[in-house]
*Asks:* 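Have a look at this one.
These numbers come from the heavy atoms of this one structure, side chains and all, not from hydrogens, waters or symmetry mates. What you see is a predicted model, and the numbers here were worked out from it, not measured in a lab. In each ligand, atom 1 is the first atom listed, and ligand 1 is the first ligand listed.
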Amino acid sequence: MRVDTTEVSRVLRDWMAHQRWFAGKSRASTIEARLLATLADQPYLVQIWLADVSYAEGIEHYQVPLVMRAEAVEQLSHAFVGSVPDADGGPPIELYDALHDKEVTGLWLQAMVDESTVDGVSFVRAVDPEEIPVSQSSLALTSEQSNTSLVFGDDAILKVFRRLEAGLNPDIEIHAALGKLGGRHVAKLMGHVSAELDGQTWSLAMLQEFMTTASDGWQLATSSVRDLMAEADLHAEEAGGDFAAEAHRLGVSTAEVHADLATAFGATVLDKADLADRAAAMNARLTAALIEVPELAEVAAGLRAAYSEFADLPGQVLAQRVHGDLHLGQVLRTAHRWVILDFEGEPAKTISDRQAHDSPIRDVAGMLRSFDYAARHQLIDMGSTPQSEFRAAEWAERNRTAFCAGYAEGGGQDPQEAAALLRAFEADKAVYESVYEARNRPNWLPIPLASLHRLAGTS
Ligand SMILES: Nc1ncnc2c1ncn2[C@@H]1O[C@H](COP(=O)(O)OP(=O)(O)O)[C@@H](O)[C@H]1O
Ligand SMILES: [Mg+2]
């Protein structure tokens with residue numbers, strides 16, 4: 001059995017348009033497939049393909065592992081990619097997303113155990129071979145967003161990067177570095193996969209210890225808010241599911257991770273010129289956002305004042321490697337501790353931008369924005385009353401304060417003392433959110449707008 005590249009390109013064009021991880025849905029593009037590596041030819045042909053997607057503005061590369069079957073498989077219908085002619089003249093070949101085919105996903109782990117290199121794709125192992133759960137079957141997480149993650153039994157999770165870029169993925173880089181320092185708040189790196197391509201190394205996947213029985217921060221926080229709303233006349237500290245002690249611990253853990261990141265990758269300072277550049281970029285983002293979200297006009301002057309204060313900060317601002325996309329959905333509470341996940345940074349940025357040093361207070365701001373969303377989003381469906389608004393605000397404030405206190409206690413810069421930094425970063429993030437909400441979920445727009453009024457001093 002043999003497939004023609006143009007046929008694979010043809011089916012990928014239709015199929016990718018429906019995949020969550022494909023960022024090019026609303027733009028005109030052409031898709032060219034190319035074969036990267038053949039992992040097996042028996043009993044099924046399993047191959048890693050790349051889809052090169054060209055737009056007027058440039059090119060993106062996506063990873064598409066495929067399994068080729070001689071017959072249609074009912075149980076894999078959700079992972080069906082397309083049917084292509086056999087270039088050897090046999091019956092049509094059925095293509096499926098290999099990551100959803102339990103019969104073949106074990107190949108990734110076996111290759112890691114063997115530390116093999118196949119067609120320039122290297123499988124690197126970071127733990128003893130016995131620790132790799134080769135005999136466990138895999139389950140793809142349904143929450144998939146920008147990548148596809150497979151859980152093997154209760155032991156390991158394989159994150160397969162969909163959108164690829166030359167260079168070591170920061171998620172692998174940071175997990176390796178913090179693991180070496182004995183960091184308690186990250187999952188153990190078990191291995192990774194990379195390809196030699198066009199003279200550079202490209203990260204394809206990462207295998208990690210799977211945190212069993214962990215709950216994610218967003219679920220814990222939002223159920224705390226739900227408990228509070230169900231108890232009509234209690235304050236946040238009196239309700240059953242008070243989150244403040246967890247928020248405090250999460251602050252301590254975040255500070256410890258930041259300290260490890262500074263140890264592993266060094267720290268620098270942002271000088272006057274850096275601050276001015278960043279303030280200019282924030283102002284430019286606000287200017288662009290005003291076109292799409294006219295409601296921002298009421299807060300624009302207050303936000304620009306916050307950005308000026310940021311640009312004029314006296315002294316030097318410490319900078320280092322940061323998480324870059326920290327929010328409650330990126331943290332897990334295990335029985336013992338908080339674990340911070342997903343160090344890829346902001347997906348829209350290039351790898352070198354994501355490796356650039358930034359103030360760790362930007363991560364603090366990201367988490368505080370998330371507390372605000374956790375507090376308020378339920379009011380949108382429930383319909384808010386002045387009382388529920390008040391209580392949501394009280395919940396958010398209580399947990400923000402707890403997180404910041406924990407962060408300072410854990411050795412981070414006290415966010416209270418970095419108020420101007422924090423205000424500018426929160427505002428910049430909330431401006432971004434307002435554009436996102438205006439485009440995708442207009443009924444959520446009041447969440448960032450309310451915060452922007454608070455930050456601008458107009459509420
Ligand atoms: N080590 C882990 N243990 C348990 N669950 C994990 C682990 N890593 C990731 N997850 C789960 O998978 C989800 C997606 O992982 P993440 O690294 O954030 O990828 P993405 O880039 O797709 O957001 C997380 O929100 C979490 O629920
Ligand atoms: Mg994530």
*Asks:* Look at atom 10 (N) of ligand 1 and find which of Leu150, Ile157, Asp171 reaches it with the closest heavy atom.
*Replies:*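 Of the listed residues, Ile157 has the closest heavy atom.
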*Asks:* Using distance alone, decide if ligand 1 has a nitrogen or oxygen within less than 3.5 Å of any nitrogen or oxygen in Gln330.
*Replies:*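 Yes; at least one N/O pair falls below 3.5 Å.
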*Asks:* For Lys188, check salt bridge (Lys or Arg N to Asp or Glu O under 4.0 Å) against everything at least two apart and list the hits.
*Replies:*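 In terms of salt bridge (Lys or Arg N to Asp or Glu O under 4.0 Å), with neighbours along the sequence ignored, Lys188 is linked to Glu131.
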*Asks:* Distance only, no hydrogens: is a donor on one side chain within 3.5 Å (strictly under) of an acceptor on the other, for Asp154 and Thr212?
*Replies:*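 There is no such pair (donor and acceptor under 3.5 Å, judged by atom type) between the side chains of Asp154 and Thr212.
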*Asks:* Indicate, with yes or no, if the rings of His258 and Tyr407 have centres closer together than 6.0 Å.
*Replies:*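 Ring-ring flag for His258/Tyr407: true, centres closer than 6.0 Å.
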*Asks:* Could you check, using the six-membered ring where one of them is a Trp, whether Phe22 and Tyr62 have ring centers closer than 6.0 angstrom?
*Replies:*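 Ring centres of Tyr62 and Phe22 closer than 6.0 Å.
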*Asks:* What's within reach of the Mg ion (ligand 2), meaning protein N/O/S atoms under 2.8 Å?
*Replies:*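 Result, waters dropped: Gln330 OE1, Asp342 OD2.
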*Asks:* For ligand 1, note which part of Val151 has a heavy atom under 4.0 Å away: side chain, backbone, both or neither.
*Replies:*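 No part of Val151 is near ligand 1 at this cut-off.
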*Asks:* Judging by distance only, is a nitrogen or oxygen of Leu341 under 3.5 angstrom from one on ligand 1?
*Replies:*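 No - when backbone and side-chain N and O of Leu341 are compared with those of ligand 1, no distance drops under 3.5 Å.
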*Asks:* Taking the six-membered ring for Trp, are His377 and Trp218 parallel (under 30°), tilted (30 to 60°) or perpendicular (over 60°)?
*Replies:*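 If you compare the ring of His377 with that of Trp218, the planes turn out tilted.
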*Asks:* Show which atoms of ligand 1 fall inside a sub-4.0 Å distance from at least one heavy-atom site of Glu344.
*Replies:*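 Once the distances to Glu344 are compared, the set is 21 (O).
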*Asks:* Can you tell if the side chain of Ser138 reaches within under 4.5 Å of the side chain of Leu158, non-hydrogen atoms only?
*Replies:*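 No, too far: nothing below the 4.5 Å cut-off.
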*Asks:* Check the surroundings of atom NE2 in His78: do more than 12 heavy atoms from other residues, nucleotides or ligands lie under 6.0 Å from it?
*Replies:*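 Yes - once you tally the heavy atoms of other residues, nucleotides and ligands closer than 6.0 Å, there are more than 12.
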*Asks:* I'd like to check the ring pair (Phe, Tyr, Trp, His ring centres under 6.0 Å) partners of Phe403; sequence neighbours left out, ordered by chain and number.
*Replies:*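 Ring pair (Phe, Tyr, Trp, His ring centres under 6.0 Å) check on Phe403 returns Phe371.
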*Asks:* At a 4.0 Å threshold, what atoms of ligand 1 neighbour a non-hydrogen atom of Gly329?
*Replies:*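 Near Gly329, the atoms of ligand 1 are 25 (O).
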*Asks:* Apply side chain to side chain contact (heavy atoms under 4.5 Å, CB included) to residues Asp358 and Phe425 and explain how you reach the verdict.
*Replies:* CA-CA 11 Å; Asp358 203 342; Phe425 287 138; 4.1 Å; yes
*Asks:* Please verify whether a non-hydrogen atom of Leu141 lies at under 4.0 Å from ligand 1.
*Replies:*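 The answer is yes, since Leu141 has a heavy atom less than 4.0 Å from ligand 1.
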*Asks:* So, regarding Gln208 and ligand 1 (criterion: nitrogen or oxygen to nitrogen or oxygen, under 3.5 Å), is there a contact or not?
*Replies:*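 Yes.
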*Asks:* Under 4.0 Å from a heavy atom of Ala187: give me the atoms of ligand 1 that qualify, with their elements.
*Replies:*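 Matching atoms, with element in brackets: 1 (N).
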*Asks:* Counting C-beta onward and ignoring hydrogens, is there a side-chain heavy-atom pair between Tyr96 and Met68 closer than 4.5 Å?
*Replies:*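 No, too far: nothing below the 4.5 Å cut-off.
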*Asks:* Using the salt bridge (Lys or Arg N to Asp or Glu O under 4.0 Å) criterion, which residues pair with Glu389? Sequence neighbours excluded.
*Replies:*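 If we apply the salt bridge (Lys or Arg N to Asp or Glu O under 4.0 Å) test to Glu389, skipping adjacent residues, the hits are Arg376.
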*Asks:* Go through ligand 1 atom by atom and flag the ones less than 4.0 Å from a non-hydrogen atom of Ser146.
*Replies:*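 Reading through ligand 1 atom by atom, the close ones are 21 (O).
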